[in-house]
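In what follows, chains are A, B, ... by sequence order, proteins preceding strands, each numbered from 1. Nothing here was measured: the structure is a model prediction, and the numbers come from that model.
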Amino acid sequence: MSVSSKPNERSGANTPKTLMLEKSYKPEEVETRRYQEWEEGGYFQCGKRSDADTYTIVIPPPNVTGSLHMGHALNNTLQDILIRYQRMNGLDVLWQPGTDHAGIATQMVVERQLAANNEPGRRDMGREAFLERVWQWKAESGGTITGQLRRLGASCDWSRERFTMDEGLSKAVLKVFVQLYKEGLIYRNKRLVNWDPALETAISDLEVQQQEVNGNLWYFRYPVEGEEGTYLTVATTRPETMLGDSGVAVHPDDSRYAHLIGKNCILPLVGRKIPIVADEYADPEQGSGAVKMTPAHDFYDFEVGLRHNLEMINIMTPKAKLNDSVPEKYRGMDRFEARKVIVADIEALGLLEKIEDHVHMVPFGDRGGVPVEPYLTDQWFADAETLAKPAIEAVEQGRTKFVPENWSKTYYEWMRNIQPWCISRQLWWGHQIPAWYGPDGEIFVEEAESDAYAAASRHYAEKGDVELVKRLEQGEGLVRDPDVLDTWFSSALWPFSTLGWPDKTSELQRFYQTDVLVTGFDIIFFWVARMMMMGMHFMEEEPFHTVYVHALVRDEKGQKMSKSKGNVIDPLVLIDEYGADSLRFTLTALAAPGRDVKLSTSRVEGYRNFITKLWSAARFCEMNECCPVAGFDPASVEQTVNKWIVGEVAKAEEAIRSGILSYRFNDAGSSAYQFVWNIFCDWYIEFAKPLFSGADEAAKAETRATAAWALEQILLLLHPMVPFVTEELHENLLGNGREKPLIVSDWPKYDQGLRNAEADADMAWVIRMITEIRSARSEMNVPPSAELDALVVEGADAVLPRAERYGDLIKRMARLKDITAAEEAVSGALQVVLDDGVLALPLAGVVDFAQEKARLEKAVAKADGEIMKLDKKLGNPGFLAKAPDAVVQENKERLADERAARDKLTEALARISAAM
RNA sequence: GGGCGCGUAGCUCAGCGGGAGAGCACUUCGUUGACAUCGAAGGGGUCACUGGUUCAAUCCCAGUCGUGCCCACCA
């Protein structure tokens, strides 16, 4: 049954009360329905408070191919907390959602699908047909992850959902590319790139993962030209590249080889004459001190090759097989097969000096999974160094801040050493580069094909190529660059492209600059840095003022979750089992800044219990008819208990708010947890019970109203973290009086006056007394069922008035019959020492004197220890002279307190001894 | 090689200049009509080590040891 189906039933005054709330919370019956209500109610949509300030977050767009993993769950929970909090604060909130087309990943998914269905491969079906298939796939499966974000409770403005390849965003990409090209910040160049032979595309430096490999170092002898029997020994980890060698480098100061500089080697197996050059790159300490140079297949050799004008010989095909530039024998061989053959052939020639074991780092493509090949091709590059400058300054000048601040170092480190960004990919799925080539290789970069033809016509008309101009005017003669752009190129524009840029939309005007970017540190380089560059360049304003960097979610052993390790915890499984709120609250409570989240199901279970506790506290309120009273003023309550809880609510609000605003989500979570469980449930509800069953109708009514108010505040304060259960309880609590859903209710603002020092002191005293009595009883094995009398044997003047005033509470919770002054000496009693007095609880002969004595002695010893430490501190002239007065004073008071306690304990001991 | 972290209760972690904390686990007790997805009580820590700064150090500084991550082209 729906717990809120008939909220009005509850108000019938004389009808028997029917409980609306079931015994425990069933998230599966609530979450989907609540989410629908929110979404259909339009509460997620921005623009409804046009007079309010804005608060904007753009979601890190998940891959369309993806499904929700724990990292997403954490990332989006934190964003949702910020968003819901700010929405409740009355801001015009935009959480901009969307997905990323994820070039390589998506293309691979569809290719795999084709293979699995025994359908023609991508190249067989052709570009157009293949892209159609990808779009079809996107239409069918692209909504998975957004559905999963809904399950989590993410309150994104789905009416504005975007996709990096939709029309508007594609327009933005074209505009950016063309403009940067015309500004000289994008250029085409032939240089070495990281080539992934499995995917047959260039990839960026960031997509290369270095892996340690146990390999070998082979020492080859290269014969020196014209000097029979003289060899120059080179060492290599990649023998197969020797077929592309075009030189050997030695250090200019290396006396061993000085006489060879300027001469040539004859490259074995190939017979090519290659020069011996002097270059400081050659480290005399490494290998043999002489390095073979393969400028077309090694980044460093490439640089050396440029310096010494060495030949660049590309010896491989896109699949990393040897091409026609090598001797016939090796043509068509895979690079690793060739390695073996070449070593064998060198050995056969007697030119293999030795082989050493050698552990070294090998670059792997993170998608393709095979070693990348440095490969000489024509690619498009962005001048990242120029674009980075304003982006670096923005952080240096504090216009964008990293939280935790440390991450700015990581950002600087990378940005200040940034390399040209290879932005072209030899894929089909993505934004095709808007560049057209004329027959002579001339490049025309324009947003539209027609513009490219127009530009080409002008160009060739100037050159007088009438024939070509004629063809161009008929829309022929140009060839479009087949490559697409790196996926991150379009995500770099996300904070403004999603708002409508390049059109000057009102949303762009209103919601840019966005507020905070919430992300994991793993994409600071990929994404954050590039958004900063593009934002500065095209908007001339930082895309966000704060970057909140959260940690990674790991398994309970601290290992990174990965499919191959089989330690992945699926957030949806947890949501199914424990509810979205439990998962959200767990992630919130564990999200301490700068520390990885180690997740285990037992943690989720623990926080699920918290949700249950909250539910059952609400049920208590319901059973006791704690209905919100219109116009209730928390400052007006008269019962001390109520004054106290009202103040505690205000403290909790402060703690939770400051936790959220300072991005210390774990603090916000634990403050909420402690307040609800350890204050509201453990004490306030227990204090309320005697009032509810008492005779004072005014006090009863006030307590009901206060409890209802406090519960409502709890629901408000917890809503950003646990939206579903709070929304559900809120409707139940308010019933007909509910003006609007919790999601759009106002975050509470309290007067300072809600805190009452006197009430705080009294309740602290009551709690202390109850705790001490319980503790003594428990240690002395007094059964909970036994109700004892309490006799005040010391400090009656101080103790009795309070004991009188709060007698009902104390008696019930400490299991006492009565509290009275001791008329005569008490023997055979349990003694409880308070700050301002001593209680004796007579145990009618059953008290074990020895045990009681030991208990008191232990307390004396503890007090003595404290006294000694404080004495020593206060006896130190340096401390008295230099420590702040407040600290000195505080220590003096503590010493006095400890001494008083010790004295009372000693007297209690004396009484016990006398009775023995 | 460079950079960033972390070593606090059995476990996972907060705290970060003036009285060592939480959750879980553990022990004992408990069907008090909100809750056994619970309640009450309890045990458990020279806050990695060594120096230094300070009246005062778990907290700041230096070093050592251990451990994790990121970046890097070394044949």
Among [options], the one nearest [X] by side-chain distance:
X        : options             : result
A:Gln286 : B:A34, B:G18, B:C74 : B:C74
A:Arg608 : B:U37, B:G39, B:C29 : B:U37
A:Ser24  : B:C38, B:A41, B:U37 : B:U37

Item checked: Residues in ring-ring contact (aromatic ring centres under 6.0 Å, His included) contact with A:Tyr222, at least two apart in sequence or another chain ->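 Not a single residue meets the ring-ring contact (aromatic ring centres under 6.0 Å, His included) criterion with A:Tyr222.
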
NZ/NE/NH1/NH2 to OD/OE distance under 4.0 Å, [X] and [Y]:
X        : Y        : value
A:Lys689 : A:Glu686 : yes
A:Glu625 : A:Lys700 : no
A:Glu772 : A:Arg768 : yes

Checklist line | All side chain to side chain donor-acceptor pair (under 3.5 Å) counterparts of A:Lys862, not counting sequence neighbours | finding: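 With sequence neighbours excluded, A:Lys862 shows a side chain to side chain donor-acceptor pair (under 3.5 Å) to no residue whatsoever.
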
Next item on the list: Could you tell me which residues satisfy side chain to side chain donor-acceptor pair (under 3.5 Å) with A:Asp279, sequence neighbours excluded, listed by chain and number?
Entry: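 A:Asp279: side chain to side chain donor-acceptor pair (under 3.5 Å) contacts with A:Arg307, A:His308.
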
Notebook entry, point to check: Please walk me through it: do A:Asn194 and A:Asp205 pass side-chain hydrogen bond (donor to acceptor under 3.5 Å, both in side chains)?
Noted result: CA-CA 7 Å; A:Asn194 297 297; A:Asp205 300 347; 3.0 Å; yes

Margin query: So A:Ser775, base contact, sugar-phosphate only, or nothing? Heavy-atom distance under 4.0 Å.
Written below: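 Contact class for A:Ser775: sugar-phosphate only.
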
Check: With respect to the phosphate group of B:G19, does any side-chain polar atom (N or O) of A:Arg894 fall under 4.0 Å of OP1 or OP2?
Finding: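 The answer is yes; a side-chain N or O of A:Arg894 sits under 4.0 Å from OP1 or OP2.
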
Check: Counting just side-chain N and O atoms, does A:Lys23 come under 4.0 Å of either OP1 or OP2 of B:A36?
Finding: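 Looking at the OP1 and OP2 atoms of B:A36, one of them is under 4.0 Å from a side-chain N or O of A:Lys23.
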
Note to self: Could you spell out the base pairing of RNA chain B as a dot-bracket line? Use Watson-Crick and G-U wobble contacts where both distances are under 3.5 Å, [ ] for crossing pairs, | for partners on a different strand.
What the structure shows: ((((((((.[[[[.)..(..]]]].(((((.......))))).....[[[[[..)....]]]]])))))))....

Note to self: Which residues in residues 877-891 of chain A have a heavy atom closer than 4.0 Å to any atom of RNA chain B?
What the structure shows: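 Contacting residues: A:Gly878, A:Phe879, A:Lys882, A:Ala883, A:Pro884, A:Val887.
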
Next item on the list: Please list all pairs passing the side-chain hydrogen bond (donor to acceptor under 3.5 Å, both in side chains) test where one or both residues lie in residues 867-879 of chain A, with sequence neighbours left out.
Entry: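 Output for this query lists A:Asp871-A:Arg899.
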
